[in-house]
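Since the structure comes first, as structure tokens, the remarks are kept for the end.
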Amino acid sequence: MIYLDCNATTPCDQRVIEAMLPFFAEKFGNPSSLHSIGQEAKKALETSRHTIAQCLGAEDQEIIFTSGGTEANNLAIRGSAYALWNKGNHLITSAIEHHAVLNVFKALEKEGFQVTYLPVDENGLVDPQEFKKSITPRTTLVSIMHANNETGVIEPIQEIASLAKEYGLLFHTDAVQTIGKLSFNVKEIPVDLLSASAHKFYGPKGVGFLYVKKGVRLIPQILGGPHERGKRAGTENVPLIVGMAKALEIAQANWEDEYRHVEELRNRLEQGITERIREVTVVGKNAPRLPNTSMILVKYVEGEAMLLNLDFAGICVSSGSACTSGSLEPSHVLLSCGYPHEIAHGSVRFSLGRSNTVEEIQTVLEVFPHIVEKLRNISPFGKEAI
Amino acid sequence: MIYLDCNATTPCDQRVIEAMLPFFAEKFGNPSSLHSIGQEAKKALETSRHTIAQCLGAEDQEIIFTSGGTEANNLAIRGSAYALWNKGNHLITSAIEHHAVLNVFKALEKEGFQVTYLPVDENGLVDPQEFKKSITPRTTLVSIMHANNETGVIEPIQEIASLAKEYGLLFHTDAVQTIGKLSFNVKEIPVDLLSASAHKFYGPKGVGFLYVKKGVRLIPQILGGPHERGKRAGTENVPLIVGMAKALEIAQANWEDEYRHVEELRNRLEQGITERIREVTVVGKNAPRLPNTSMILVKYVEGEAMLLNLDFAGICVSSGSACTSGSLEPSHVLLSCGYPHEIAHGSVRFSLGRSNTVEEIQTVLEVFPHIVEKLRNISPFGKEAI
Amino acid sequence: MYSEKVLEHLRNPRNVGKIENPDGVGKVGNPVCGDVMVMYLKIRDNIIEDAKFETFGCGAAIATSSIATELIKGKTIEEALSITNRAVADALDGLPPQKMHCSVLAEEAIRSAINDYLAKKRVENGEGRIS
Amino acid sequence: MYSEKVLEHLRNPRNVGKIENPDGVGKVGNPVCGDVMVMYLKIRDNIIEDAKFETFGCGAAIATSSIATELIKGKTIEEALSITNRAVADALDGLPPQKMHCSVLAEEAIRSAINDYLAKKRVENGEGRIS
Ligand SMILES: Cc1ncc(COP(=O)(O)O)c(C=O)c1O
Ligand SMILES: Cc1ncc(COP(=O)(O)O)c(C=O)c1O
């Protein structure tokens, strides 16, 4: 299998699995238990928190563990929107956020908040000046993703965060696609809230974290015991948290090498595809992008059909985001970039990872043009252009 | 180490770990991905759902995966209270629920709901007739735990569920302490919602499920992608879900043997303690109880001091519930049973599990009386009674 | 999510392409929605002698088109018209709920191509003339 | 959550028990709150010659009582009165935030026992008489 779907999920690193293993059956305590078995788990929990905090330039108590990126986004947005309710009810986000952000804002709209969904340009970029113009005296929170999961396009969050600070707004970024792939220091980019998910950086699924800057108030969303300084109840998922810390540590130690590695492969892939297949578009090519992501639009054919045919050939990719794979609508991200529906339907996302090789990319470049040819042959469109 | 804190958490069964392992790095796909690696994960997810549904006599689509018992309780209570908001705003629960239930109700009170907290008798039992009397035309939901985590006392939920049905109320039960320890069939006890958590039955921490009877409406609490039939967003935690299904399968296959095993040890423990130590009380002794749980009140000494001294001797227990171990208040459960504060402070919970042995219990019976003696010796109280 | 049968038809779609001088052509769907099916028929003595298709769409759209051409080949027009979308889905061992609309599209494509044929025939037979 | 020092004092509490005919006794806390400390002092020439305690309470309550008796033994009354709860906690290498109140209790127990001694002495010296 050639796996090119790392923005959907990554396999656990073997070192991560090894780090987790002792915590399932040996050091299995509940960190809330006062006896030694519990305290041993508590210690692992706090050591993991420290590791993660260090990776981000944060303080330990600024890291809140969650069940993943989705929950982190929900907690950040809903938790702070309501904490600031008395200050104002206007929130700002972008049109191209992940559904774990967008759907929270849509729910908040029904509950009485007003939300501005900032548009993006054809590269998928939010314009900081547009953001500035959308600020009102009632604005309290802005949430702009760091890198888009479908296109890999990196938003100008440094600028947006600074503007947010200037205007006294809380700034949240969904960094699920960047933490682990890039280096991120909360001292350099002044974010108040940042979401991450372990399974995007070779850690386990079902665990993530929210960075909550000291002093930022947050209404907890899951209530119960006094875990996570009252911000998130529920027995802590010690093995997975240990795994996440290990995964982040590994990713941080190697991110530059990995960056170069996947970027080289990705560029080779894009060049090969554009040379071999007519009428294809690389989305966001002229914008800052994650080094591993390539969203390709292939005219006259549909994305899922390409995906399945690639799968027949042992190549795993995605068409848009994995989350919307059940839906009939084309990607809201591509539509927001201004692509017409029929073009947006023809999307394939290649997202590379550390273990991909030149040979694998070569195979894709041999196989993919035939698949496109086969499907274009089946298609009623585009023949006249041949 | 002699581990007698199974109500706080249990170690993963080796078979559970083995079942999970392939899903971390080999079958690591995102179940939302359409390619084979994703579909393989999807299949494991649905097979696990089926296994769990079968264990409860439920249908597959009635099982919603969550990040644990706490989240399941939050989703059940908040999700259904708001789904039924237009029908009424009166909710009923008991005074002895876990904080993952109580604190949700307390938050709902602030949001405009009215909540009745049913009292319990000295054994910790809710009276179904009291429940019946508390029903108003605006009542929509009742949540009564199946077995209490501190005392092991089993509530008359069969009767309460039937009454709830009769009055057209939704019935939720926090069965976190019973699923895996007893058999539960949703066809026999007509619950609408039921919460469970894997780490209480030798499965992993950080995963649980909510049974949602077909037709019961629930407002999702974590929003994002269309996972879990729109009831709970977030990339599914495949390895842990597979582990949970395995753990439940094992528990269900052996629950009667285990029941007898731990009950015999527990009874031996209680008899030994009451013979060897003066002025002790076994809480809920005259009520139906979980076979593994023994909440003991020791006069003149404090629970944490006993716990730590037991830990010095290599024996892990809890004082009240692990969740409140940081707090200064004695257990709300014991206070609700009518015990005065100074007595409630002297609580130790022994909660046994499948791997405990007669020898271990013997050791506890040798060690514990000395600890109590030592602490009573330090205490300013109770000397005149010697 | 797809049955083996769907995947097999996607892998090896039957009867792909145009028919030169078809007796009936049906085009259904809309590129905006992501599915367009064109069905071409060769009909003689009320029997569908040949059927071909061109489809822009997802895996299910291609597979339903492919199986639909197989289902109608050799059938009478009446038999072909009686094929429901359910029958198309069943012939593929089922479709996921969110893909059932593809089978509807296939049913419509058959119907549309046959109607085209019947309309043309009426014109040929002079039935289309204003009397 | 506890330091090794706390655990060590809980394991082997120093100076447990009553003093017969103590020169000062201080009782602080409340069983309802789960902590009661009684401190007994033997004082000669302004020096605390002996100190003992009885405590009903959690691990931190016992450990702070134990360390408190050690801290004041051999000290003058003035020195003992200057011991703050912070000093008690520090002597145990710190306490978790939710247990800091135990160190406050220990400070109060010292203060209360010394005050008891001073009050008795005033009575003995006739200072207590209404003039
Ligand atoms: C940008 C982005 N945000 C949020 C999420 C959700 O995170 P999780 O899968 O941990 O729920 C994802 C991935 O699914 C993502 O790509
Ligand atoms: C009765 C009860 N309900 C809920 C919970 C919370 O479940 P979890 O630990 O999975 O968050 C627990 C245990 O902690 C419990 O004992």
Side-chain angles (χ1 to χ4, degrees), chain A residues 1 3 5 8-12 14 17 24-26 28-30 32-38 67-68 70-71 73-74 98-100 103-104 107 197 199 204-207 221-226 233-240 304 307-308 310-311 316-319 322-327, chain B residues 1 3 5 8-12 14 17 24-26 28-30 32-38 67-68 70-71 73-74 98-100 103-104 107 197 199 204-207 221-226 233-240 304 307-308 310-311 316-319 322-327:
Chain A
M1 277 290 179
Y3 188 77
D5 199 14
T9 195
T10 53
C12 273
Q14 279 307 325
I17 298 176
F24 286 117
E26 296 149 48
F28 67 90
N30 185 325
S32 296
S33 295
L34 295 181
H35 49 64
S36 344
I37 293 189
S67 69
T70 295
E71 191 200 324
N73 283 336
N74 276 253
H98 190 270
H99 284 106
N103 287 346
V104 181
S197 179
H199 74 98
K205 290 175 204 16
V207 65
Q221 299 299 307
I222 299 184
L223 306 176
T235 300
E236 303 89 341
N237 196 338
V238 183
L240 300 203
E304 192 212 79
L307 180 164
L308 292 169
L310 281 164
D311 190 45
C316 294
V317 302
S318 163
S319 168
C323 274
T324 51
S325 58
S327 107
Chain B
M1 277 292 179
Y3 188 78
D5 199 14
T9 194
T10 53
C12 273
Q14 279 307 328
I17 297 176
F24 285 116
E26 296 148 49
F28 67 90
N30 184 327
S32 296
S33 296
L34 294 180
H35 49 65
S36 342
I37 292 187
S67 68
T70 296
E71 190 199 323
N73 282 337
N74 276 254
H98 190 271
H99 285 107
N103 287 346
V104 181
S197 179
H199 75 99
K205 290 175 208 6
V207 64
Q221 299 298 307
I222 299 184
L223 306 176
T235 299
E236 302 89 341
N237 196 335
V238 182
L240 301 203
E304 192 212 80
L307 179 163
L308 293 168
L310 281 164
D311 189 45
C316 294
V317 303
S318 163
S319 169
C323 274
T324 53
S325 58
S327 108

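Hydrogens, waters and symmetry mates play no part in the numbers below; they use all other heavy atoms, side chains included. In what follows, chains carry the letters A, B, and so on, assigned in the order in which the sequence lines appear, proteins first and then strands, with residues in each chain numbered from 1.
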Could you work out, with side-chain hydrogen bond (donor to acceptor under 3.5 Å, both in side chains) as the rule, every residue matching A/Ser67, not counting sequence neighbours?
A/Glu71, B/Arg232

Taking every heavy-atom pair that is under 4.5 Å apart, which of B/Thr10, B/Ile17, B/Asp311 has the most such pairs with chain A?
B/Asp311

Quick check on B/Leu308 against chain A: is it the side chain, the backbone, both or neither that has a heavy atom closer than 4.5 Å?
side chain

If you count heavy-atom pairs under 4.5 Å between each of A/Val238, A/Asn73, A/Leu240 and chain B, which one has the most?
A/Leu240

Is it the case that the side chain of A/Lys205 and the backbone of B/Phe28 share a donor-acceptor pair, with hydrogens and angles ignored and the cut-off at 3.5 Å?
yes

Rounded to the nearest 0.5 Å, what separates atom NE2 in A/His199 from atom CG in B/Asn30?
6.0 Å

Of the listed A/Ser197, A/Gly38, A/Ala233, the one with the largest count of heavy-atom pairs under 4.5 Å with chain B is A/Ala233

Once you round to the nearest 0.5 Å, how far does NE2 of B/His35 lie from CG of A/Asp5?
3.5 Å

Suppose we screen for side chain to side chain contact (heavy atoms under 4.5 Å, CB included). Which residues come up paired with B/Asn103, at least two apart in sequence or across chains?
A/Leu223, B/His99, B/Lys106

Specify the closest pair of heavy atoms between A/Thr70 and B/Gly234, including all atoms of both residues, with the distance to one decimal.
OG1-CA, 3.4 Å

Which heavy atom in B/Pro11 sits nearest to a heavy atom in A/Ala25, and how many Å separate them?
CB-O, 3.6 Å

By a 4.5 Å heavy-atom criterion (distance strictly below it), what part of A/Val207 contacts chain B: side chain, backbone, both, or neither?
neither

Given heavy-atom pairs under 4.5 angstrom as the criterion, report whether the side chain, backbone, both or neither of B/Gln14 touches chain A.
side chain

